[in-house]
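A short write-up of the structure that comes next.
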2 protein chains.
Amino acid sequence: MTTRNTAVRTSLDTHRLPNPVPIGEYERCPVTDVLRRVNDKWTLLLITLLGRHPYRFNELHRAVEGISPRMLTRTLRTLESDGLVEREVFPTVPPSVEYRLTPLGVSLLEPLAALADWAVDHHAEIATARQRTT
Amino acid sequence: MTTRNTAVRTSLDTHRLPNPVPIGEYERCPVTDVLRRVNDKWTLLLITLLGRHPYRFNELHRAVEGISPRMLTRTLRTLESDGLVEREVFPTVPPSVEYRLTPLGVSLLEPLAALADWAVDHHAEIATARQRTT
DNA sequence: CGGAATCCCCAACGATACTG
DNA sequence: CAGTATCGTTGGGGATTCCG
């Protein structure tokens, strides 16, 4: 528990500090860090899918439709090394591999759903705002 | 209110549909769309900053430290055309421009804070998980 | 002060082919 | 089935310079 941690209780609090606000080293901000991981092209989609039930590799490959094996592997490996997804290998012939959310991954579903709900509630406003500028 | 919309009430619900799950056209998923906008390099930071109070251009430039004028302009313009940020020009000499969140932008602060809280609560677990894999 | 214009780089992503 | 290997593309972002 460092002094730094209490200073970044939430991202909002980070920026409620008195001016001049030292925003540099934003890389160390856990919020930005987490968001940048969640927001590559496929991560969110895979997390929500795996939130439903475990999937095997080619199940995911078929379900996502458009993802290449390369990106599927890469994304899953990152999720795994972040402790959000578990990979279980069944030594059958042919081989079978199952991916499922860890408890940590499951705990991410709720805040993600909050953001998702906001998106669903407001994406129409964003769309019309965009058209005004066009 | 299309049938499509009821099918994507939340991103989680999207993937609770019976298999085979047609996840293609994920571009049209409002959740993914919103997330991809919020998650470029500077957007989140600027939103949280502007959640504190209005800022002038060079105030933001100094506050963020590391952002180039180009990216600051680009990010603010995108936020503006998405209806999340308002830009007000004061025809003084020298010119003065103020940026502030719109009500829509303000409404985004709350779900963002939820995700931020999750990040603060769990980034340590992610960090240790990462080191295990290293 | 608040930008716009220009140039450049690199990491993310895609496509394809191949393998234990 | 569950990946790896290789190559090619692209656009997000940085650095710099200039302007009303």
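FYI, side chains are in, hydrogens and waters are out, and symmetry mates aren't considered; it's all heavy atoms of this structure. In what follows, chains carry the letters A, B, and so on, assigned in the order in which the sequence lines appear, proteins first and then strands, with residues in each chain numbered from 1.
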>> Is the ring pair A:H53/A:Y55 parallel, tilted or perpendicular, if the boundaries are 30 and 60 degrees?
In response: parallel

> If the sugar-phosphate is the primed atoms plus P, OP1 and OP2 and the base is the rest, what is the B/S/- string for nucleotides 2-7 of chain D, using protein heavy atoms under 4.0 Å?
Replying inline: BSB-B-

Atom [atom1] of [X] and atom [atom2] of [N]: how far apart are they, to the nearest Å?
{"X": "B:R74", "N": "D:dA15", "atom1": "CZ", "atom2": "P", "result": "15 Å"}
{"X": "A:I67", "N": "C:dA12", "atom1": "CD1", "atom2": "C1'", "result": "13 Å"}
{"X": "A:D40", "N": "D:dG13", "atom1": "CG", "atom2": "C1'", "result": "17 Å"}
{"X": "B:H61", "N": "C:dA4", "atom1": "NE2", "atom2": "P", "result": "14 Å"}
{"X": "A:K41", "N": "D:dT9", "atom1": "NZ", "atom2": "P", "result": "17 Å"}
{"X": "A:R62", "N": "D:dC1", "atom1": "CZ", "atom2": "P", "result": "7 Å"}
{"X": "A:W42", "N": "C:dC13", "atom1": "CH2", "atom2": "P", "result": "9 Å"}
{"X": "B:L72", "N": "C:dA4", "atom1": "CG", "atom2": "P", "result": "11 Å"}

Within the 4.5 Å heavy-atom criterion, are [X] and [Y] side-chain neighbours or not?
{"X": "A:I47", "Y": "A:L79", "result": "yes"}
{"X": "B:W118", "Y": "A:L112", "result": "no"}
{"X": "A:L104", "Y": "B:I126", "result": "yes"}

> Is a side-chain donor-acceptor pair under 3.5 Å present for B:R37 with B:T43?
Replying inline: no

>> Hydrophobic clustering (ILVMFWY, side-chain heavy atoms < 4.5 Å, transitive) - are B:F57 and B:F90 grouped together?
In response: no

